[in-house]
Amino acid sequence: MTDRDAQCRAFLDGTRWQSWSGAPLAGDASARRYVRLTGPAGERAILMDADPTLGEQVAPFVRIAEWLLAQGLSAPRILHHAMADGFLLLDDLGPDTIAVAAASGSEDDLYDAAVDVLIALDAAPPPDGLTRMVPQVGADMVAIVAETYHPGDPGPLVAATHDALLRLAPQADRIALRDYHAENLIWRPERAGLDRVGLLDFQDAFIAPRGYDLASLLRDIRRPVAEAQVTRQTARFAAATQTDPVALSAQLAALGAQRNLRILGVFARLVQRGKSRYAAYLPVVWDTLLRDLAHPALRDLREVVMTTLPPPQDRR
């Protein structure tokens, strides 16, 4: 037993969950670990292990979870915690993600529900104290691609990204959960309304331009979304938020390109750190990036990307 395992056992000792059986859940790109605990009558809870010695924190997750619950959305309730040690015990929102449900259900229903949550978030006054992804911040976030994916001068790429965001997505005034995609959304068909979608992995939330999470959902690198669905959901979001659909299309392209440039660099860094499974995603990220760069409003950014970054199969 490791020291961390002993700490985990101590966290559960004396609680109703101490003897529940545990099954590890698939991890993400962070150093956090998740375990589903199951009780004798089938009750379930999720243990989050966010080791502070590895740079993880649980306070941001708790803060955003409480804010989401106050908005009437389905985030996990905190059942038990040891904040300083990096342990949380959470409600289990359900076993199936939207990605799993989409394999056998109606994609329209699933994505309608996911976008309905984004429409509700768009109308909610964001919490104070979060980082704002103004154009310069968003541009600086893509510099990592010139550090890890294809080492070189990040200046031209950062400048071109800044120009695109300044023209097309200048106003950071909506909360973005940041990793809003089908594998992070729990499908709860037995519930009604917004409660049908359980929310996870939102500890890195910040304030971003309208549609940041919509771009994340519709340009999903783990589960491709058909263009007909992209068109449908973009139109629904534009109508509900009273946004010009032409302007929204260009804004989503700019935000999607910024996101995937950064993801390209982040995944390359994960590969360098030994998480080799992320190498398989690099071509998908690249292809998704090119889909957004095909938008006429991103011609200048596309030119810089194509002259400074090689596609993954050509990367040395």
Side-chain angles (χ1 to χ4, degrees), residues 1-102 110 113-114 117 121 177-191 194-205 213 216-217 222-223 275:
M1 178 185 295
T2 67
D3 290 344
R4 190 64 182 169
D5 290 336
Q7 284 182 286
C8 183
R9 184 180 295 275
F11 168 66
L12 295 174
D13 279 349
T15 71
R16 62 185 291 251
W17 306 281
Q18 66 177 357
S19 60
W20 287 18
S21 61
L25 297 176
D28 54 23
S30 73
R32 293 183 296 274
R33 183 171 66 106
Y34 299 90
V35 178
R36 172 171 278 123
L37 303 180
T38 303
E43 319 97 301
R44 298 192 308 264
I46 301 295
L47 172 68
M48 178 195 291
D49 174 2
D51 190 344
T53 67
L54 300 177
E56 296 293 329
Q57 301 179 55
V58 296
F61 182 94
V62 172
R63 181 189 177 197
I64 300 300
E66 291 175 346
W67 183 85
L68 290 168
L69 288 167
Q71 310 310 308
L73 298 172
S74 294
R77 291 182 303 115
I78 313 300
L79 305 175
H80 183 48
H81 65 82
M83 301 279 282
D85 294 329
F87 291 112
L88 295 178
L89 198 65
L90 311 170
D91 267 340
D92 188 345
L93 298 179
D96 292 333
T97 64
I98 281 182
V100 170
L110 295 165
V117 171
L121 284 171
L177 305 187
R178 292 189 67 174
D179 285 313
Y180 195 91
H181 56 76
E183 289 189 357
N184 275 344
L185 302 174
I186 302 300
W187 182 235
R188 294 140 59 90
E190 73 283 1
R191 306 298 180 100
L194 299 178
D195 197 27
R196 292 184 299 165
V197 179
L199 303 174
L200 302 174
D201 204 8
F202 42 69
Q203 60 280 338
D204 295 325
D213 280 343
S216 174
L217 177 69
R222 296 166 181 81
R223 184 185 187 280
K275 295 189 176 184

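In what follows, residues are counted from 1 in the order of the sequence shown.
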With side-chain contact (heavy atoms from CB on, under 4.5 Å) as the test, would you mind laying out the steps for I186 and V197 before giving the verdict?
CA-CA 6 Å; I186 302 300; V197 179; over 6 Å; no
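- The minimum heavy-atom distance between Q203 and R32, with the atom names listed, is NE2-NH2, 2.6 Å.
- Atom CZ of F202 and atom CG of L73 lie 10.5 Å apart (nearest 0.5 Å).
- Rounding to the nearest 0.5 angstrom, the gap separating the CH2 atom in W17 from the CG atom in L12 is 8.5 Å.
- A donor-acceptor contact closer than 3.5 angstrom is absent between the side chains of N184 and D179.
- Under the 4.5 Å side-chain criterion, counting only non-hydrogen atoms from C-beta, L79 is not in contact with T15.
- The number of heavy-atom neighbours closer than 6.0 Å to CD of Q57, taken from other residues, nucleotides and ligands shown, is 12 or below.
- No side-chain heavy atom of L200 sits under 4.5 Å from any side-chain heavy atom of L185.
- Rounded to the nearest 0.5 angstrom, H181 NE2 and D201 CG are separated by 6.5 Å.
- Contact of the M48 side chain with the V58 side chain is registered, since non-hydrogen atoms from C-beta on lie closer than 4.5 Å.
- With sequence neighbours excluded, the residues satisfying side chain to side chain donor-acceptor pair (under 3.5 Å) with Q7 are R4.
- With sequence neighbours left out, A182 forms a side-chain contact (heavy atoms from CB on, under 4.5 Å) with I98, A99, Y111, D220, R223.
- Side chain of D213 to main chain of L177: a donor-acceptor pair is present (N/O by atom type, distance under 3.5 Å, no hydrogens or angles).
- Checking L47, I46, V35 one by one against L25, the side chain to side chain contact (heavy atoms under 4.5 Å, CB included) holds for a single residue, I46.
- Each side-chain hydrogen bond (donor to acceptor under 3.5 Å, both in side chains) pair with one or both residues in residues 85-95, not counting sequence neighbours, appears once here: R36-D92, R44-D92, R77-D91.
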Dump the intermediate steps for side-chain contact (heavy atoms from CB on, under 4.5 Å) on W187 and L110, then the final yes or no.
CA-CA 8 Å; W187 182 235; L110 295 165; 3.3 Å; yes
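- In this view, R188 and D195 satisfy the salt bridge (Lys or Arg N to Asp or Glu O under 4.0 Å) rule, not counting sequence neighbours.
- Within the structure, the salt bridge (Lys or Arg N to Asp or Glu O under 4.0 Å) test picks out no pair touching residues 65-75 (sequence neighbours left out).
- Residues passing the ring-ring contact (aromatic ring centres under 6.0 Å, His included) test with F11, sequence neighbours excluded: H80, F87.
- Going from atom OG1 of T97 over to atom CZ of R222 covers 11.5 Å, rounded to the nearest 0.5 Å.
- Within the model, atoms CD1 of I64 and CG of D204 stand 10.0 Å from one another, a figure rounded to the nearest 0.5 Å.
- Scanning all heavy atoms of the two residues, the minimum distance from A45 to W20 falls at N-CZ3, 4.1 Å.
- With hydrogens and angles ignored, the 3.5 Å screen pairs no side-chain donor or acceptor of E56 with any backbone N or O of L54.
- Separating the CG atom in D3 from the SG atom in C8 is a distance of 13.0 Å, to the nearest 0.5 Å.
- Here the shortest heavy-atom pairing between P76 and A65 reads O-CB, 3.9 Å.
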